[in-house]
S.K.: 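Structure provided below as structure tokens; questions to follow.
A note on names: the letters A, B, ... follow the listed sequences, proteins ahead of strands, and every chain is numbered from 1.
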Amino acid sequence: MRWSKLFTPTLRDAPGDAVAPSHKLLVRGGFMRQLHAGHYSMLPLGWKVHQKVAQIVREEIDGIGGQEFLLPTMHPAEIWQASGRWDTMGEIMFRLEDRRGNATALGITHEEIFATVASELSSYKQLPQIWYHIQTKFRDEARPKSGLLRVREFHMKDSYSFDVDEAGLDANFDLHDAAYRRIFARLGIPSFGVQASSGAMGGNDSVEFMTPSDAGEDDVIRCPQCDYSANIEKGTSALPKMDDEPGPDAPERFDTPGVRTIKALEEFDGGAPADRQLKTLVMSLDDVITLVVVRGDHQLNTQKLADVTGAITIRPAELEETVAALGAKPGSLGAVGVTDHPIIMDEALRGRTNMTTGANTDDVHYRGVSVERDVPVGQWADLREVQAGEPCPNCGTALTIVRCIEIGHIFKLGTKYAEVFGVKVSTPDAGDVPVVMGSYGIGIGRNMAASAEANHDDKGLVWPVEIAPYEAVITLMRLDDECTAAGEKLYDDLRAAGVDVILDDRDARAGVKFADAELIGIPFRLTIGPRGLKNGSAEFHTRATGETVDVSIDTAAAAVWEAVSAAKG
RNA sequence: CGGGCUAUGGCUCAGCUUGGUAGAGCGCCGCACUGGGGGUGCGGAGGUCGUAGGUUCAAAUCCUGCUAGCCCGACCA
């Protein structure tokens with residue numbers, strides 16, 4: 001490629017509304033442009049990087065035995081209705097009708113579709129199978145943000161494993177785990193796996209891959225000592241045991257005029273510290289008013305509540321609903337003796353006695369509450385959100401909470417989809433059995449952005465060689481005959497050697513060319529100018545280190561080839 | 001969905017408070033000088049000021065509705 005012909009509109013200033021470094025740099029470098037919220041046009045450079053990322057993913061999934069497919073992105077409603085996800089996916093799914101009025105979905109993921117294909121599997125001898133495609137997904141995100149990090153239209157590699165039993169699934173799960181770690185390493189993204197909520201995917205086990213970044217959207221609990229790490233939607237901590245006094249034989253009502261908050265009750269004469277209070281949250285779970293109780297100083301994690309209850313639509317109750325349900329306003333609510341609404345209690349409250357909580361009369365509280373004696377708990381569950389500094393459940397070290405980008409997610413699905421879509425195989429001793437599935441996703445554009453987040457400096461992007469838009473640039477300092485001839489020869493030699501090289505033959509000043517090459521993150525640069533040519537040399541610059549060395553013009557191509565080869569492993 | 005902010009040329013922004021000829025830098029086109037880190041000078045093109053309505057002799061500016069975008073939160077793979 002000759003830069004004079006390349007469409008790469010680089011900008012000196014980032015768009016004012018971009019915040020994330022990857023967003024700013026991908027726009028400034030002319031990799032992409034926004035069409036509207038959550039939809040980006042990939043320009044030639046952006047698409048080139050995107051395809052290189054996809055190719056790495058393809059190589060690694062092929063490497064564990066994956067077979068590449070391409071399934072449609074428009075799906076009939078019936079197939080989603082069959083799995084139940086037409087309803088449970090809610091507003092995330094784009095829906096439309098064809099000219100006959102048939103309901104259609106734009107694919108958010110492809111478990112159902114791959115399962116229909118898999119229904120032609122018939123014998124255990126065909127298993128295991130790993131099938132995948134790299135296909136556009138559409139998700140009607142409530143809030144697209146941060147450039148490519150969260151969008152409404154994106155490419156995802158999603159693979160699916162099919163096994164005759166759980167042991168087979170475990171093996172395929174581990175193969176994917178290892179392949180994903182190789183992918184992230186090749187993309188230059190520091191990564192680690194965490195225990196995660198399976199959310200709307202169903203299934204019984206899942207691991208998310210995370211990379212620490214302020215531009216991310218997930219909070220991850222990490223132990224600095226052992227290897228414990230979990231999404232905050234899933235993780236827990238070991239709380240110090242509380243020594244409660246037994247308290248009175250029955251709860252005692254007492255007046256608390258004007259006390260409306262946990263903090264106020266702490267300071268109130270005759271009140272209680274927050275960790276000796278019950279916090280009663282009135283929630284609507286699929287329109288069922290439910291009391292959710294956590295310790296006064298704890299926070300509810302709504303994803304945990306969703307996982308535990310299976311509820312699809314969770315929201316705090318409106319004021320009127322709360323008053324209608326309990327007869328008091330927030331600030332004086334409690335679950336003592338409440339029998340006409342389900343009560344879900346956080347595990348941290350098990351066995352607690354002599355607690356303080358609202359009495360469902362404005363300005364009145366109870367003290368001396370024994371949780372298991374006085375509250376008709378319907379369900380116990382881990383609902384609280386871990387706070388930084390709490391002890392690790394494995395080793396007791398103070399936990400940290402790290403902001404992360406989710407760069408991959410792998411699920412053990414079990415037989416849910418196989419049963420719905422009749423994916424079963426004959427076995428020698430168990431007859432026909434449903435196939436055990438796994439599902440494994442990795443967003444191409446998000447990983448491109450995550451690599452940009454991890455690999456940039458104040459001059460611009462510093463792509464790993466494998467995904468850089470070009471591996472090397474030959475920068476002509478003058479467009480005179482001598483420089484041009486030397487540059488053209490190097491350009492031809494490098495292309496012949498298989499190096500992805502661009503010749504900067506623009507009639508522009510040196511500063512512009514250097515700045516552009518650094519902004520878009522080309523790993524290696526050969527500078528050809530009269531200063532070097534006098535001595536028969538070119539300058540060899542490495543983007544990542546900033547080092548510049550003189551090399552003989554005769555060996556310059558070989559030097560670049562060696563550097564590229566070494567970097568690609 | 002709740003809260004906040006924004007919308008003026010390709011990009012970044014000023015102008016709005018106090019209504020009166022639409023501006024700057026970068027980018028773009030032409031010419032000249034220049035030529036190893038976003039160079040200089042001269043000349044030029046390019047804007048229904050998001051949109052619809054209202055107030056007014058007069059609206060980028062004041063008022064109202066709408067739309068779009070961004071940020072925080074909720075939610076989400």
Side-chain angles (χ1 to χ4, degrees), chain A residues 9-20 23-24 27-28 30 33-39 85 88-93 107-111 137-147 149-152 154 156-158 196-203 206-210 215 217-219 231 233 283 299-303 305-306 311-316 318 405-411 439-443 446 459-460 475-480 483 504 506-519 525 527-534 538-539 541 546 548:
Chain A
T10 56
L11 303 173
R12 190 176 294 210
D13 302 307
D17 52 18
V19 174
H23 184 191
K24 289 181 183 173
V27 173
R28 275 191 62 207
R33 288 293 184 264
Q34 183 181 50
L35 180 61
H36 61 149
H39 300 265
R85 295 209 290 182
T88 59
M89 279 300 176
E91 293 185 314
I92 199 78
M93 182 181 266
I108 53 181
T109 178
H110 282 77
E111 280 77 14
K137 310 295 180 200
F138 295 91
R139 298 185 186 179
D140 191 357
E141 290 292 342
R143 184 151 101 83
K145 58 172 287 198
S146 305
L149 284 174
R150 177 168 295 275
V151 290
R152 300 201 293 189
F154 61 99
M156 183 164 92
K157 185 287 299 173
D158 42 324
S197 159
S198 295
M201 296 297 292
S206 84
V207 168
E208 284 173 335
F209 293 93
M210 294 288 184
E217 302 178 83
D218 285 272
D219 287 316
N231 195 303
E233 297 172 347
M283 307 291 290
Q299 297 289 322
L300 169 70
N301 184 289
T302 51
Q303 183 64 47
L305 184 60
I312 296 161
T313 306
I314 294 182
R315 60 174 174 82
E318 306 286 345
I405 301 168
E406 179 191 341
I407 48 177
H409 201 163
I410 59 180
F411 299 86
S439 129
Y440 316 89
I442 184 167
R446 182 182 286 185
K459 293 192 171 85
T475 304
L476 301 181
M477 300 311 299
R478 303 282 178 86
L479 298 184
D480 59 27
C483 283
D504 194 349
R506 292 177 296 172
D507 181 15
R509 302 182 73 84
V512 172
K513 295 184 172 192
F514 292 156
D516 275 346
E518 284 155 357
L519 173 62
R525 183 179 80 213
T527 306
I528 309 297
R531 190 191 284 176
L533 286 181
K534 271 190 305 195
E539 285 152 38
H541 177 81
T548 304

S.K.: When rounded to the nearest 0.5 angstrom, what distance separates CD in Glu208(A) from CD1 in Ile405(A)?
M.R.: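 So the CD of Glu208(A) and the CD1 of Ile405(A) are separated by 13.0 Å.
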S.K.: Give Pro15(A) one of three labels, base, sugar-phosphate or nothing, depending on what nucleic acid heavy atoms sit under 4.0 Å from its own.
M.R.: sugar-phosphate
S.K.: Once you round it to whole Å, what is the distance between C1' of G10(B) and CG of Leu11(A)?
M.R.: 8 Å
S.K.: Using atom P in both nucleotides, what's the gap between A52(B) and U12(B) to the nearest angstrom?
M.R.: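 Going atom to atom, P in each nucleotide, I get 23 Å.
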S.K.: Using a cut-off of 4.0 Å on non-hydrogen atoms, how would the nucleic acid contact of Ser146(A) be classed: base, sugar-phosphate, or nothing?
M.R.: sugar-phosphate
S.K.: Could you state the CE-P distance from Met477(A) to G37(B), rounded to the nearest angstrom?
M.R.: 7 Å
S.K.: Starting from the 5' end of RNA chain B, give me the residue, Arg506(A) or Gly147(A), whose nearest nucleotide shows up first.
M.R.: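 The residue mapped nearer the 5' terminus is Arg506(A).
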S.K.: Using the P atom on both, measure C63(B) against G30(B) and round to a whole Å.
M.R.: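 After rounding to an integer number of Å, I get 45 Å for this pair.
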S.K.: Has the side chain of Lys513(A) got a donor or acceptor atom that lies under 3.5 Å from a matching backbone atom of Met477(A)?
M.R.: no
S.K.: In the structure shown, which nucleotide is the Watson-Crick or G-U wobble counterpart of G2(B), with both distances under 3.5 Å?
M.R.: C72(B)
S.K.: Please examine the side chains of Met210(A) and Asn231(A), heavy atoms only from C-beta on, and report whether any two atoms are closer than 4.5 Å.
M.R.: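 In contact.
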S.K.: Can you find a donor-acceptor pair, distance only, under 3.5 Å between Arg150(A) side chain and C76(B) base?
M.R.: yes
S.K.: When you measure only distances, ignoring hydrogens and angles, does the side chain of Glu518(A) come within 3.5 Å of the base of G37(B) through a donor and an acceptor?
M.R.: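 Looking at the base of G37(B), it does pair with a donor or acceptor on the side chain of Glu518(A) (distance under 3.5 Å).
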S.K.: Which value, rounded to the nearest 0.5 Å, describes the distance between Arg143(A) atom CZ and Arg150(A) atom CZ?
M.R.: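 Arg143(A) atom CZ to Arg150(A) atom CZ measures 9.5 Å (nearest 0.5 Å).
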S.K.: Please give, in whole Å, the distance from G69(B) C1' to Arg33(A) CZ?
M.R.: 16 Å
S.K.: Could you state the CZ-C1' distance from Phe138(A) to C76(B), rounded to the nearest angstrom?
M.R.: 18 Å
S.K.: Show, in sequence, the C-alpha distance, side-chain angles and deciding distance for Arg85(A) and Thr109(A), and conclude whether the side-chain contact (heavy atoms from CB on, under 4.5 Å) test is met.
M.R.: CA-CA 11 Å; Arg85(A) 295 209 290 182; Thr109(A) 178; 3.5 Å; yes
S.K.: Using the C1' atom in both, what is the distance from C13(B) to G47(B), to the nearest Å?
M.R.: 15 Å
S.K.: How many Å lie between NE2 on His39(A) and P on A68(B), as a whole number?
M.R.: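 One finds 12 Å between P of A68(B) and NE2 of His39(A), rounded.
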S.K.: Would you mind classifying the nucleic acid contact of Ala14(A) as base, sugar-phosphate or nothing, using non-hydrogen atoms under 4.0 angstrom?
M.R.: sugar-phosphate
S.K.: State whether the side chain of Arg446(A) and the backbone N or O of Glu406(A) hold a donor-acceptor pair below 3.5 Å, judged by distance alone.
M.R.: yes
S.K.: For Ala37(A), report the nucleic acid contact type (base, sugar-phosphate, nothing); a contact means any heavy atom under 4.0 Å.
M.R.: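 Sugar-phosphate, no base atom in range.
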S.K.: Has Thr527(A) got a side-chain atom pairing as donor or acceptor with Thr475(A)'s backbone, closer than 3.5 angstrom?
M.R.: no
S.K.: Is any side-chain heavy atom of Arg525(A) less than 4.5 Å from a side-chain heavy atom of Glu518(A)?
M.R.: yes
S.K.: For G46(B), give the paired nucleotide (Watson-Crick: N1-N3 plus N6-O4 or O6-N4; G-U: N1-O2 and O6-N3; both under 3.5 Å), or none.
M.R.: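 Because no pair has both required distances under 3.5 Å, G46(B) counts as unpaired.
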S.K.: Whole angstroms only, please: what is the NE2-P distance between His541(A) and G37(B)?
M.R.: 14 Å
S.K.: Given that both distances must come in under 3.5 Å, which nucleotide forms a Watson-Crick or G-U wobble pair with C62(B)?
M.R.: G54(B)
S.K.: I need the Leu11(A) CG to Arg33(A) CZ distance, nearest 0.5 Å.
M.R.: 4.5 Å
S.K.: Mind checking the C1' distance from A60(B) to G9(B)? Whole angstroms is fine.
M.R.: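 After rounding to an integer number of Å, I get 14 Å for this pair.
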S.K.: Does the Lys534(A) side chain pair with the main chain of Gly529(A), one donor and one acceptor, at a distance under 3.5 Å?
M.R.: no
S.K.: If I pick the P atom on G38(B) and the same atom on A59(B), what distance separates them, to the nearest angstrom?
M.R.: 46 Å
S.K.: Identify whether any heavy atom of Phe154(A) sits under 4.0 Å from a base atom; if not, whether one sits that close to sugar-phosphate; answer base, sugar-phosphate or nothing.
M.R.: base
S.K.: Between atom CZ in Arg139(A) and atom C1' in C76(B), what is the gap in whole Å?
M.R.: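 For the pair Arg139(A) CZ and C76(B) C1', the rounded distance is 9 Å.
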S.K.: Given the P atoms of U6(B) and A14(B), what is the spacing between them in whole Å?
M.R.: 10 Å
S.K.: Does Gln34(A) make a side-chain N or O approach to OP1 or OP2 of A68(B) shorter than 4.0 Å?
M.R.: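 For Gln34(A), the contact criterion (side-chain N or O under 4.0 Å from OP1 or OP2 of A68(B)) is not met.
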S.K.: Could you check whether Val512(A) gets within reach of a base, just the sugar-phosphate, or nothing at all, counting any heavy atom under 4.0 Å?
M.R.: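 If one applies the 4.0 Å heavy-atom cut-off, Val512(A) turns out to touch a base.
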S.K.: Using a 4.0 Å heavy-atom cut-off, does Arg446(A) contact any base of the nucleic acid, only the sugar-phosphate backbone, or nothing at all?
M.R.: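 It contacts base atoms.
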S.K.: Tell me what Gly16(A) touches on the nucleic acid: a base, only sugar-phosphate, or nothing, going by heavy atoms under 4.0 Å.
M.R.: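 Answer is sugar-phosphate: Gly16(A) comes under 4.0 Å of backbone atoms only.
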S.K.: If we call it a pair only when both distances are under 3.5 Å in a Watson-Crick or G-U wobble match, what pairs with A7(B)?
M.R.: U67(B)
S.K.: Select from Asp507(A) and Lys145(A) the residue whose nearest nucleotide in RNA chain B is closer to the 5' end of that strand.
M.R.: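 Result of the comparison: Asp507(A).
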S.K.: In whole Å, what separates the P atom of U21(B) from that of C49(B)?
M.R.: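 These two P atoms come out 14 Å apart once rounded.
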S.K.: Which nucleotide in the list C70(B), C72(B), G37(B) gets nearest to the side chain of Arg525(A)?
M.R.: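 Comparing C70(B), C72(B), G37(B) against the side chain of Arg525(A), the answer is G37(B).
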S.K.: Return the nucleotide paired to C31(B): Watson-Crick means purine N1 to pyrimidine N3 with N6-O4 or O6-N4, wobble means G-U with N1-O2 and O6-N3, both under 3.5 Å.
M.R.: G41(B)
S.K.: Provide, to the nearest angstrom, the distance between the NE2 atom belonging to His23(A) and the P atom belonging to G69(B).
M.R.: 12 Å
S.K.: Base, sugar-phosphate or nothing for Arg478(A)? Non-hydrogen atoms, less than 4.0 Å.
M.R.: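 Sugar-phosphate contact only.
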S.K.: Which letter, B, S or -, goes with each nucleotide of nucleotides 22-34 of chain B from 5' to 3', with contact meaning a protein heavy atom under 4.0 Å?
M.R.: ---BSS------B
S.K.: Please state the C1' separation for the pair G53(B) and G46(B) - nearest whole angstrom.
M.R.: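 The answer is 29 Å between these two C1' atoms.
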